[in-house]
Amino acid sequence: MSEFLDDIFNKISSGKSIFKNREVLNIDYIPKRILFREDQIKKIGETLSPIIKGAKPSNLLLYGKTGTGKTMVARYVINKLNDYIKDQNTIFVYLNCRIDGTLYRVLSEIGEYIGLKIPFTGLSLSEVEKRIFNHLVDKGIKLVLVLDEIDFLVNNPAKRDIGNDVLYDFTRYDSIYNKSGSNSFITIVGISNDLKFMEYLEGRVQSSLRSEEILFPPYTVEEIKEILKDRVKEAFVENSVNDEIINLIAAYSGSEHGDARRAVDLLRVSGELAEREGRDKIYEKDVQEALKNIEKDKVQEAISSLPIHEKAVIFSIATFPNGETTGHVYLKYQEICNQLGLQPLTQRRISAIINELDMLGLVTAPIINRGRHGRSKKVQLTVDKNQIVGTLKNDEIFKLLFNSI
DNA sequence: CTTCCACAGGAATAGGGGGTCC
DNA sequence: GGACCCCCTATTCCTGTGGAAG
């Protein structure tokens with residue numbers, strides 16, 4: 001047992017690492033020079049530049065799919081801009097609306113950034129908003145608010161109205177709320193990878209929010225290669241990653257829609273695999289292995305963090321290799337609940353859970369019409385069944401199910 | 001051309017858990 | 001302590017619907 005560990009640790013400590021600077025491969029690393037995004041950087045810079053003189057820049061929207069560099073570019077420009085700003089009361093706030101989760105948390109986070117203590121629950125949204133605005137007016141703060149994945153504030157039908165209301169208030173702050181002559185303002189930089197995002201926005205919010213729009217196209221495979229080369233130079237010891245490996249990674253990750261984040265991630269994991277074996281070079285098999293690992297980790301993480309009923313549902317789905325209708329999945333689910341001693345939820349709820357699993361990318365659930373046989377969803381696993389079973393075997397409650405078979 | 005299946009998915013509601021404010 | 005707030009899960013009730021079977 002302990003020789004095992006010694007073995008691993010020895011390899012790492014004695015063998016010289018193939019990494020020179022691992023940090024370069026982190027998701028939130030901002031490189032010193034950014035490739036293939038000059039136009040976007042320029043445009044954002046120009047739009048925001050009035051703030052250097054204390055004037056309000058117009059609002060801004062950044063569009064593009066995942067891994068096209070939106071976040072990185074936004075942060076890059078803001079960091080640079082910060083160097084030019086002497087005014088204590090000019091504040092840049094970056095936050096990710098999806099990670100914060102709810103509108104309330106987004107607001108309280110904003111509050112925190114501008115030096116306001118907002119309890120993490122208990123207040124009404126309008127109260128939080130009022131406090132933020134009052135504080136901004138009092139201190140004369142100039143706020144540039146970068147809202148990453150801003151679509152999360154309005155793409156939830158249940159909360160769409162509230163999301164729109166709050167965004168509207170924020171865009172209106174300068175003219176309505178702040179009439180007392182202080183020169184405080186709010187500029188919003190929205191980032192979205194959902195191109196349908198606009199449909200969720202009410203007209204009144206749209207017009208003020210989208211005064212400037214900047215598109216981030218997917219990277220081409222060639223561009224991804226260049227990006228990878230750039231990172232390799234900084235991150236790895238010389239000669240540990242050759243061009244073939246770079247081409248391979250670029251091909252794997254770029255073919256779909258030019259996702260640079262995925263490419264860099266793949267590079268990092270490949271490197272880690274090679275390092276773990278004490279090698280000084282990345283081989284092709286490392287990349288393949290890394291590809292598998294990334295997928296596996298994602299699935300495992302997604303499933304193990306699921307609530308118990310959702311686990312039961314996905315397990316039910318997993319028993320039908322060719323997809324099944326909601327009704328049959330529900331019957332199977334009830335069966336499983338009985339075996340586990342669980343009170344089954346209603347079908348309505350299961351239907352919603354299936355949709356949630358769909359959103360997580362674990363299943364597909366397109367609606368199908370079977371005429372006389374009604375209308376349903378054809379629910380099918382998109383990941384390997386063995387991964388589901390494997391993960392659930394380690395689950396405290398699901399273990400019972402497998403032991404009894 | 002009509003029927004009618006097997007659900008989808010919206011709306012209203014409840015309740016429990018987190019809290020603040022006065 | 002009471003009024004009130006947000007968040008999330010879940011229930012009940014409901015109306016809507018594409019197309020094979022008749």
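Chain naming here is simple, since letters A, B, ... match the order of the sequence lines and numbering starts at 1 in each.
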| Criterion side-chain hydrogen bond (donor to acceptor under 3.5 Å, both in side chains) on A:E149 and A:N96, from CA distance to verdict | CA-CA 6 Å; A:E149 308 202 43; A:N96 186 311; 3.2 Å; yes
| request: Begin from the C-alpha positions of A:D358 and A:K377 and carry the test salt bridge (charged side-chain N to carboxylate O under 4.0 Å, His left out) through to its verdict. | output: CA-CA 11 Å; A:D358 190 353; A:K377 279 183 288 207; over 6 Å; no
| query | Rounded to whole angstroms, how far apart are NZ on A:K378 and P on B:dA8? | reply | 15 Å
| query | Side chains of A:S184 and A:Y173: donor-acceptor distance under 3.5 Å anywhere? | reply | yes
| query | At under 4.0 Å, does any side-chain N or O of A:R372 touch on OP1 or OP2 of B:dC5? | reply | no
| message | Would you say A:R348 places a side-chain N or O within less than 4.0 Å of OP1 or OP2 belonging to C:dT9? | response | no
| request: Consider the side chain of A:L345, meaning its heavy atoms from C-beta on, and name the nucleotide among B:dA8, C:dT11, C:dC6 that approaches it most closely. | output: C:dT11
| Centre of A:Y29's six-membered ring, under 6.0 Å away, within 45 degrees of the axis: is that where NZ or CZ of A:R22 sits? | no
| message | Is A:T326 close enough to B:dA8 that one of its side-chain N or O atoms is under 4.0 Å from OP1 or OP2 there? | response | yes
| remark: From the candidates B:dC21, C:dA10, C:dG22, the one with an atom nearest any side-chain atom of A:L123 is B:dC21
| said: Whole angstroms only, please: what is the CE-P distance between A:M359 and B:dG9? | reply: 12 Å
| message | Taking any heavy-atom pair under 4.0 Å as a contact, classify A:E127: base, sugar-phosphate, or nothing. | response | nothing
| request: On DNA chain C, check which nucleotide each of A:R375 and A:S126 is closest to and give me the residue with the more 5' one. | output: A:S126
| query | So does A:S124 get a side-chain nitrogen or oxygen closer than 4.0 Å to the phosphate oxygens (OP1/OP2) of C:dC6? | reply | no
| request: Ignoring backbone atoms, test whether A:N355 places a side-chain nitrogen or oxygen under 4.0 Å from the OP1 or OP2 oxygen of B:dA8. | output: no
| Rounded to whole angstrom units, what separation is found between the CD1 atom of A:I350 and the C1' atom of B:dA8? | 15 Å
| said: Just the rounded figure in Å: distance from C1' of C:dT9 to CD of A:Q347. | reply: 18 Å
| Can a side chain N or O of A:K377 be found less than 4.0 Å away from OP1 or OP2 on B:dA6? | no
| message | With a 4.5 Å cut-off on side-chain heavy atoms, are A:L392 and A:F402 touching? | response | yes
| In whole Å, what is the span from the CZ atom of A:R349 to the P atom of B:dG10? | 14 Å
| Closest listed nucleotide, where the reference is the side chain of A:F120 and the choices are C:dC6, B:dG19, C:dG18 | B:dG19
| said: Using a heavy-atom cut-off of 4.0 Å across all strands, would you classify A:I368 as base, sugar-phosphate, or nothing? | reply: nothing
| Phosphate oxygens OP1/OP2 of C:dA10: is one of them under 4.0 Å from a side-chain N or O of A:T346? | no
| task | Specify the separation, in whole Å, of atom CZ of A:R131 and atom C1' of C:dC5. | result | 12 Å
| message | Closer than 4.0 angstrom, basic N to acidic O: yes or no for A:E335 and A:K332? | response | yes
| Nearest-Å distance, CD (A:E310) to P (C:dT9)? | 7 Å
| task | Check whether any side-chain N or O of A:T102 sits under 4.0 Å from OP1 or OP2 of C:dC7, and answer yes or no. | result | yes
| Do A:T121 and B:dG19 share a donor-acceptor pair, side chain to base, under 3.5 Å? | no
| task | For A:R370 and B:dA8, give me the distance from atom CZ to atom P, rounded to whole Å. | result | 11 Å
| field | Nearest-nucleotide comparison on DNA chain B, the residue closer to the 5′ end among A:I367 and A:H373 | value | A:H373
